Amino acid sequence: MEEEAREILRLVVGEPAPPANLAAAIRARAAVFGGADIELAPREPMREPPVLD
């Protein structure tokens, strides 16, 4: 009976699901609407950090 209970628990709990890929999930949702084209901002040189004296 104990082994039967363990087998039922194995079936119910199963293996842990792999972590969701957030980028793939967003891409899949946007694909329904034809995708999403995002214009990237132009790159500029970094500013000098402030001097805190």
Side-chain angles (χ1 to χ4, degrees):
M1 188 167 163
E2 179 182 347
E3 184 58 34
E4 184 179 356
R6 289 177 189 267
E7 184 62 29
I8 292 170
L9 286 173
R10 280 189 208 104
L11 290 173
V12 172
V13 175
E15 295 295 317
N21 183 340
L22 182 58
I26 293 171
R27 199 173 296 119
R29 285 184 179 234
V32 175
F33 303 105
D37 294 326
I38 300 174
E39 186 175 327
L40 297 176
R43 294 220 177 238
E44 298 176 359
M46 287 181 40
R47 296 183 291 168
E48 290 295 321
V51 178
L52 304 174
D53 288 337

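For clarity, every value in this text was computed on a predicted model and none was experimentally measured. Numbers for residues simply follow the sequence, beginning at 1.
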**Item:** Pairing residues for Ile8 by the side-chain contact (heavy atoms from CB on, under 4.5 Å) criterion, not counting sequence neighbours
**Value:** Glu4, Val12

**Fill in**
Ala25 meets the side-chain contact (heavy atoms from CB on, under 4.5 Å) criterion, sequence neighbours left out, with none

**Asked** If you link I, L, V, M, F, W and Y whenever their side-chain heavy atoms are under 4.5 Å apart, who else ends up in the same group as Leu11?
**Response** none

**Message:** Test of understanding: with salt bridge (charged side-chain N to carboxylate O under 4.0 Å, His left out), list the residues that count as partners of Arg6, not counting sequence neighbours.
**Reply:** Glu2

**Prompt:** In chain order, what residues pass the side-chain hydrogen bond (donor to acceptor under 3.5 Å, both in side chains) check against Glu48, with sequence neighbours excluded?
**Reply:** none

**Request:** Could I get the full list of side-chain hydrogen bond (donor to acceptor under 3.5 Å, both in side chains) partners for Glu39, not counting sequence neighbours?
**Result:** none

